[in-house]
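Here the structure is laid out as structure tokens; the discussion comes afterwards.
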Amino acid sequence: MSESANQDHFLKRTIEEDIAGGRWGAPGDRSVVRTRFPPEPNGFLHIGHAKSICLNFGLAEQFGGSCNLRFDDTNPVKEDKLFVESIVRDVRWLGFRWPGASESDPMEGVRFASDYFQLMHDCAVDLIKKGLAYVDDQTPEQIREGRGAPGVPGTNSPFRDRPIEESLELFEKMVAGEFPEGSRVLRAKIDMASPNFNMRDPVMYRIVKMAHHRTGDAWRVYPMYDWAHGLEDSVEGITHSICTLEFEDHRPLYDWFIKSINEGRSEPLHHPQQIEFARLNLGYTVMSKRKLKQLVDEKRVEGWDDPRMPTIAGYRRRGYTPESVRSFCRDIGVSRFNSLIDPGRLENACREHLNAVAPRRMAVLKPLKVVIENFPEGETRHIEAVNNPEDASAGVRKVPFTRELYIERDDFMEDPPKKFFRLGPGREVRLRYACLLTCIEAVKDASGEVVELRCTYDPETWGGKNPPDGRKVKGTLHWVSAVHGIKAEVRNYDRLFSIEDPNHTPKGAPETWSFLDAINPDSLEVISGAVLEPALAQDPASSNEPAWPDGIRRVQFERHGYYCIDSASTPERPVWNRTVSLKDSWAKIAQKG
RNA sequence: UCGGGAUUGGUGUAAUUGGCAGCACGACUGAUUCUGGUUCAGUUAGUCCAGGUUCGAGUCCUGGAUCCCGAGCCA
């Protein structure tokens, strides 16, 4: 199934109608569609951005148009080159390319709002000359007070009707850096009585005397979002400027700016259509940059790429594949309703992809030693095991089997209930790919804890054969040879928050409650004594593992889940991250009792 | 208080613009299985509320409820 196919939503329909009506070119010409993804380089991208990225790039792809990656870098106070690099990396990792993108230079073809600062300036001068913008000398407090309140109209600034020449002169002095920060702004002259606050003479430029990461000290004034964004879109020939719902009230201003610039122009600027959609909300996490930054700054997580973070970098380190993120974004659809998506949707998308492509390996997370009394000491037999039952072309590998093995501690119970199909005293199970095994004795230490199982195997079932007498076993256990197994640290992650919506104070919570109080204390489980089958210490190519485009090695630990090697892992001290667990119907049964 | 937007099974999302409320995910049941995985088959459950128009309303009209956004020199 093609990822871009059979997606039908209101955005696509709107574009279809525009094309049919010839709004942007010859009627029926689908290739005219131009979109853009316009992040501000002031933080890391998160899964909500992924939705926007998939929408913008996806729509362009579906129509045969194009989508720009453009940084909305209009505020040097908050922005940083570091974020530009991480954002470019994330968009590329997701698999999207913009016009002019190259594989050798990741920055090639990337656009910046700052590229258009001169044009914005010139258009601002034009508006001043038309009497549609003016320099306001009021303090920020005075401007705020003058703006009025809901239901209460604002009042005109005393500088609103100053002569055009004076505004022109003052604006150029602002640009030249002759005034201190906060002393003056350029405002559009619209309507202080508008019920829409955005139309109450919005600020177009403020004075900021800080070096910009790209333009340096060239500018001492910086454009506000509303003034800048429509022009950026216009210059790039964007047809559909897709943004989130909170910008709905800004649309009249978006249109007013372009309309006002075009007034009296012989060659009017291109006028894009702004369309809003509902941003993504994911359950059991937070999405605001402020809150994510707080988690990082207060060291509640390891960093922006902590595998528990809903950032793209976090999901990447966690082992999610770009395909699964894209698939998720497609599945959840798009509308104007503020929904709260169950994180299980993302997990499922990931399982679906990894089930098809991840090689299977055996890993014992919490080992319990098994001694097979009728298996010769010192002997190693190599058993053939399939790499992926979903994909015969993935081939096979050899797994060493010895007299002493480790099995999962949870796979043994001294006094097992009926529905427990695994090992217990006197019970028989299958060891995956190897043989049938019967437990004859559980050896305990002084405290009464089971430390070792004495077992026997059935030689007639060697190699996975069924016993000649026809007896059946219900359970199959994974195992690792005690002499060949390699030690590793395994990190199992759970949701970062223990309540579905950490953005809202729960009922009955104290006044001082903050979202930090809802952090799940068990979101990270570090298992230091895991034992992995030896193939996991070898070069991936030597055991028929696929080459992952992003270089992250991913496997399924059989009966556990999908795991990837952590970015900080070393051969001496391997660390594996749980991407997502397998579905576990036994856990459900056990829970019910 | 004012302006803008929204509301369809548990969760998301459709419904040719007035004509059998569909799809996906989950949940549940069963079958298959050397992963309690996968796969397959089946079941479950919905139009925010109250009126009205109509042969017929998720869709149109009136009134109400609830939720989201909005008074940055942030985006």
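- For A:Arg147, whose side chain is taken as the heavy atoms from C-beta onward, the closest listed nucleotide among B:G72, B:G36, B:G12 is B:G72.
- Within 4.0 Å of A:Phe247, counting heavy atoms only, lies at least one base atom of the nucleic acid.
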**Chi angles and distances behind the side chain to side chain contact (heavy atoms under 4.5 Å, CB included) call for A:Leu423, A:Asp411** = CA-CA 6 Å; A:Leu423 212 49; A:Asp411 283 338; 5.6 Å; no
**Message:** Before you tell me yes or no, could you show the steps for A:Arg361 and A:Asn387 under side-chain hydrogen bond (donor to acceptor under 3.5 Å, both in side chains), namely the whole-Å CA-CA distance, both residues' side-chain angles and the distance that decides it to 0.1 Å?
**Reply:** CA-CA 7 Å; A:Arg361 295 291 181 261; A:Asn387 280 325; 2.7 Å; yes
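- Under the 6.0 Å cut-off for aromatic ring centres, A:Tyr225 and A:His229 qualify, their centroids lying closer than that.
- Not a single donor-acceptor pair under 3.5 Å links the side chain of A:Asn355 to the backbone N or O of A:Arg351.
- Among the atoms of the strands shown, none is found under 4.0 Å from any heavy atom of A:Arg200.
- Across the C1' atoms, B:A57 and B:C49 are found 16 Å apart, a figure rounded to whole Å.
- Here the nucleotide nearest the side chain of A:Ser585, chosen from B:G36, B:G12, B:G3, is B:G36.
- An aromatic stacking contact between A:Phe197 and the base of B:G70 is absent, as defined here by ring centres under 5.5 Å apart and ring planes under 30° from parallel.
- At distances below 3.5 Å, at least one donor-acceptor pair connects side-chain atoms of A:Gln274 with backbone N or O atoms of A:Phe247.
- Listed nucleotides: B:U35, B:C68, B:A75. Nearest to the side chain of A:Asn338: B:C68.
- The CZ atom of A:Phe421 sits 10 Å away from the P atom of B:G37 (whole-angstrom rounding).
- Under 3.5 Å, the side chain of A:Gln556 and the base of B:U35 form at least one donor-acceptor pair of N or O atoms.
- Evaluation of atom-type donor-acceptor distances gives a pair under 3.5 Å for the side chain of A:Arg345 against the base of B:U11.
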**Complete:** For RNA chain B, the dot-bracket notation using Watson-Crick and G-U wobble pairs below 3.5 Å, [ ] for pseudoknot-type crossings and | for other-strand pairs, is .((((((..((((.....[..)))).(((((.......)))))....(((((..]....))))))))))).....
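- Within 4.0 Å (heavy atoms only), A:His478 reaches no atom of the nucleic acid at all.
- The side chain of A:Glu390 approaches B:U38 more closely than any other nucleotide in the set B:U38, B:G36, B:G72.
- As judged by a 4.0 angstrom heavy-atom cut-off over every strand, A:Phe337 is placed among residues touching the sugar-phosphate backbone only.
- Counting any heavy atom pair closer than 4.0 Å across all strands shown, A:Glu248 reaches sugar-phosphate atoms only and no base atom.
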Distances under 3.5 Å between nitrogen or oxygen atoms of protein and nucleotides 15-20 of chain B:
unit_1 : atom_1 : unit_2  : atom_2 : d
B:A15  : OP1    : A:Arg13 : NH1    : 3.2

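- Using a 4.0 Å heavy-atom cutoff across all strands shown, A:Val203 reaches sugar-phosphate atoms only and no base atom.
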